[in-house]
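Below is one structure, written out as structure tokens; the observations come after it.
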Number of protein chains: 2
Amino acid sequence: MKLTPPTIKDIADRANVSISTVSRALNNKSVVRQDTRTAVLEAAKLLGYEVNVFARGLAGGQSMTIGVVSREIGCTLYDTVMQGVIRGFAGTGYSPIFIEGQSGEDFGGEMIQKLISRRVDGIMTLGGDDTFPENLLNHLPEELPAIVIGKSVKGWEKRCVVTDNFGASYQATQLLIENGHRDIAIIRGDMHIQDAISRYDGYCKALEDANLKVLPDLIQNGDFLAHSGLMGIHALLARGKPFTAVVCGNDQMAIGAKLALQRRGIRVPEDVSLIGFDDEPLSAYVSPPLTTLRQSGVEMGRIAAKGLIDLISAGSCELPLLACELVERESVAKLRST
Amino acid sequence: MKLTPPTIKDIADRANVSISTVSRALNNKSVVRQDTRTAVLEAAKLLGYEVNVFARGLAGGQSMTIGVVSREIGCTLYDTVMQGVIRGFAGTGYSPIFIEGQSGEDFGGEMIQKLISRRVDGIMTLGGDDTFPENLLNHLPEELPAIVIGKSVKGWEKRCVVTDNFGASYQATQLLIENGHRDIAIIRGDMHIQDAISRYDGYCKALEDANLKVLPDLIQNGDFLAHSGLMGIHALLARGKPFTAVVCGNDQMAIGAKLALQRRGIRVPEDVSLIGFDDEPLSAYVSPPLTTLRQSGVEMGRIAAKGLIDLISAGSCELPLLACELVERESVAKLRST
DNA sequence: GCAGAAAATGAAAACGCTTGCATCATTTTG
DNA sequence: CAAAATGATGCAAGCGTTTTCATTTTCTGC
């Protein structure tokens, strides 16, 4: 590797133009004549020129850096979203940097400072709870392009990449209802998290639309981890209120629930149907294979990245509402007539 | 947010010193008098100063950026390693940027250029296959600090963060042997990947040390995905050579294998014992719960981050060989005397 | 109390790029 | 055909740091 990479000065010499022209040609400003531009571009290519991000950033140009800020990660979905983000930015010149806020962190403070310090060209937020990402967004300079992933934030609807959790959950619950189930329990995810809330709402709506009651005895809280699914079943059972199906906040909890049921001698799906969310890699390989609603984290990340780039360059972006795909496997069965 | 963040000039004015002194004080150079330093630091704090990474980078200082380059990710373990890396750098001032090389990418070219362009202070590589990360490392400037995660690279032993896959696999196989098993099959991971190779080697060594033969008929290739575990069992069974235990390259394949076995009416662990790797979140919640060797990706990432920082600041680092922890659950049983 | 050494500080030159303004070349217009 | 408008290019001033070198201050030993 060359110790001192070529600079625009080198290009300028080689192409017999001034460095300003080189800069303009490289940045696709319109004021360069076509043949000069190609000459410059050729010289640049020949020299293996790569812009010095720092110099550009300093000079007031773009930093080509995107700040991706999230609350504590640890949820499988957002891991894959990160992947999608990385891929989405690959080859675009932008580099995402990830900032993970510890819970309870002062988002207005340190985090913003870090973003400023790096002069990010845009930011993305990952995930949502009661206060995040609103607390961050509120402190952001108006003109900084931002995309929100995983929560539909008031006033930012056009800039949110979300899966239709409500609709998906509605669909899941409806599937259960169509199969004859009446006593449908739910093990919710962490209700501080937006996804959990939307899914719960979808469950309620589906029930109501079918003239079924939402019974507190059939509602159990979890935290998206398998263990809470398992404990959830025990809690549900302990209440004595019978149920024949359970909507689970995600696959992990569904699998925990499944285990708890099976250990108690309750068969899935013969006695109790189960449905999850996310379609994790393993969900197809448990017994019975889990019926679930698939959403692609990678896709979310990709879309968000593309959206943010559009936002930066064009000032606007088009973001589709991502639908979940129902993956019917074997954990849901028709209610046996008793 | 202030539109123009404070600069060292502002601090200098406020503390009645020159900007050079401010710079020195901020960077902990020894040549500043103690009281001047505190004065500067106070002023900086008061103004909410945050260094402009670009200016620093340009001026030849540090970029405070770490390049994390990997082959295609998609393996759950490396997702969590990424998390560990992010956390490991949190609060240190360094920001990792992730670069994912598509397979077949010319590592000597574009990728290096990007790293240079960003003037990274150090790099980390994630994962390993036949040629990666050697192909990258060879093109690196000598003086660039680098840490390798997931492969023990020749000549870089001191800079590799690896789990003892060989030892872990040896231990796994040994556990099976201790339980009386003689006919032990293996479903290997993708043999282009270092982890798969080491695990296979450990399996062979354990067998040999117990005077058992490594039989080609009991060796099956997989790709770390559950489906390949499932197919692996079918292939193994089709060969007709009986076996009573299977070492699987990771938990996903183990769970795929388990399903295949159960579907064929072969009981786990009564008829065939199964052992996996990685201890994925769900591994404890399948039936029977999977015996496995746990390794912590987050821990790997953390350690690597710390190591790299040491390397950058002190010129050397201490990296422990990470041991896997045997998690005994219920997928391994004593061989029934026939 | 002073010479000289050591320590602390300041002035100014990079670092590589963008960009406003001035300049020069090329068209267009009257 | 001259004058004005337009288009393309060059010049030079930053951007906020670090760092070298020179200068000033403080300390040491006599």
Side-chain angles (χ1 to χ4, degrees), chain A residues 2-41 43-44 47-65 93 113-114 116-121, chain B residues 2-41 43-44 47-65 93 113 116-121 312:
Chain A
K2 295 252 282 308
L3 286 162
T4 47
T7 72
I8 55 170
K9 175 87 172 44
D10 299 324
I11 301 180
D13 291 349
R14 201 153 214 311
N16 270 317
V17 294
S18 73
I19 58 166
S20 352
T21 303
V22 174
S23 172
R24 284 188 276 252
L26 255 26
N27 289 287
N28 275 316
K29 305 273 179 184
S30 49
V31 281
V32 208
R33 218 176 42 211
Q34 193 51 47
D35 52 341
T36 345
R37 182 196 307 284
T38 50
V40 168
L41 259 32
L47 263 36
Y49 172 78
E50 195 77 8
V51 65
N52 180 325
V53 177
F54 294 108
R56 168 180 289 172
L58 222 210
Q62 299 187 32
S63 69
M64 301 310 277
T65 306
Q113 285 307 329
K114 184 157 185 181
I116 295 176
S117 168
R118 295 233 163 225
R119 299 287 191 281
V120 294
D121 288 336
Chain B
K2 296 251 281 312
L3 286 161
T4 48
T7 71
I8 56 171
K9 176 86 173 47
D10 300 323
I11 301 179
D13 291 349
R14 200 154 215 309
N16 270 316
V17 293
S18 72
I19 59 166
S20 345
T21 303
V22 174
S23 172
R24 283 187 278 250
L26 255 27
N27 289 286
N28 276 315
K29 304 273 180 185
S30 49
V31 283
V32 208
R33 220 175 41 209
Q34 193 51 47
D35 52 340
T36 345
R37 180 195 307 285
T38 49
V40 169
L41 259 32
L47 262 39
Y49 171 78
E50 195 80 8
V51 66
N52 180 325
V53 177
F54 294 107
R56 168 178 290 173
L58 221 211
Q62 300 187 33
S63 68
M64 301 310 278
T65 306
Q113 286 307 328
I116 294 176
S117 168
R118 296 234 162 222
R119 299 289 190 280
V120 294
D121 289 336
I312 292 171

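Each chain gets a letter, A, B and so on, in the order its sequence line appears, and its residues count up from 1.
In the set C:dC15, D:dG14, D:dT17, C:dC15 carries the atom at the smallest distance from any side-chain atom of B:Leu58.
Rounded to whole angstrom, the span from the CG atom of A:Asn28 across to the P atom of C:dT18 amounts to 12 Å. Between the CG atom of A:Asp121 and the C1' atom of C:dT18 there is a distance of 14 Å, rounded to whole Å.
Contact between B:Ala25 and B:Leu41 at its shortest, heavy atoms only, is O-CD1, 4.2 Å. Of all heavy-atom pairs spanning A:Arg119 and B:Phe54, the tightest one is CB-CE1, 3.2 Å. When all heavy atoms of A:Val40 and A:Ile11 are compared, the pair lying nearest together is O-CG2, 3.8 Å. Between A:Asp121 and A:Met64 the shortest heavy-atom distance is OD2-N, 2.6 Å. For the pair B:Ser63 and B:Val53, the tightest heavy-atom approach, listed with the atom from each and the gap, is O-CG1, 3.3 Å.
Heavy-atom distances to DNA chain C give each of A:Gly60 and A:Phe54 a nearest nucleotide, and the one nearer the 5′ end belongs to A:Phe54.
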Within the sub-3.5 Å range, which N or O atoms of nucleotides 8-11 of chain D have a protein N or O partner, and how far apart are they?
from	atom 1	to	atom 2	distance (Å)
D:dT9	OP1	A:Thr36	OG1	2.7
D:dT9	OP2	A:Arg33	N	2.9
D:dT9	OP2	A:Thr36	OG1	3.3
D:dG10	OP2	A:Ser18	N	2.6
D:dG10	OP2	A:Ser18	OG	2.9
D:dG10	OP2	A:Thr21	OG1	2.6
D:dG10	N7	A:Arg24	NH2	2.7
D:dG10	O6	A:Arg24	NH1	3.3
D:dG10	O6	A:Arg24	NH2	3.2
D:dC11	N4	A:Ser20	OG	2.7

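Here B:Thr7 lies in heavy-atom contact (under 4.0 Å) with sugar-phosphate atoms only.
The phosphate of C:dC15 has neither OP1 nor OP2 within less than 4.0 Å of any side-chain N or O from A:Asn52.
With sequence neighbours left out, the side-chain hydrogen bond (donor to acceptor under 3.5 Å, both in side chains) criterion links A:Thr36 to no other residue.
Side chains of B:Ser23 and B:Ser20: no donor on one and acceptor on the other come within 3.5 Å.
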Taking it one step at a time, do A:Lys9 and A:Val22 satisfy side-chain contact (heavy atoms from CB on, under 4.5 Å)? CA-CA 8 Å; A:Lys9 175 87 172 44; A:Val22 174; over 6 Å; no
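Remark on the helix from C:dG1-D:dC30 to C:dG30-D:dC1: inter-end axis angle 30°, axes from five-pair C1' superpositions, rounded to 10°.
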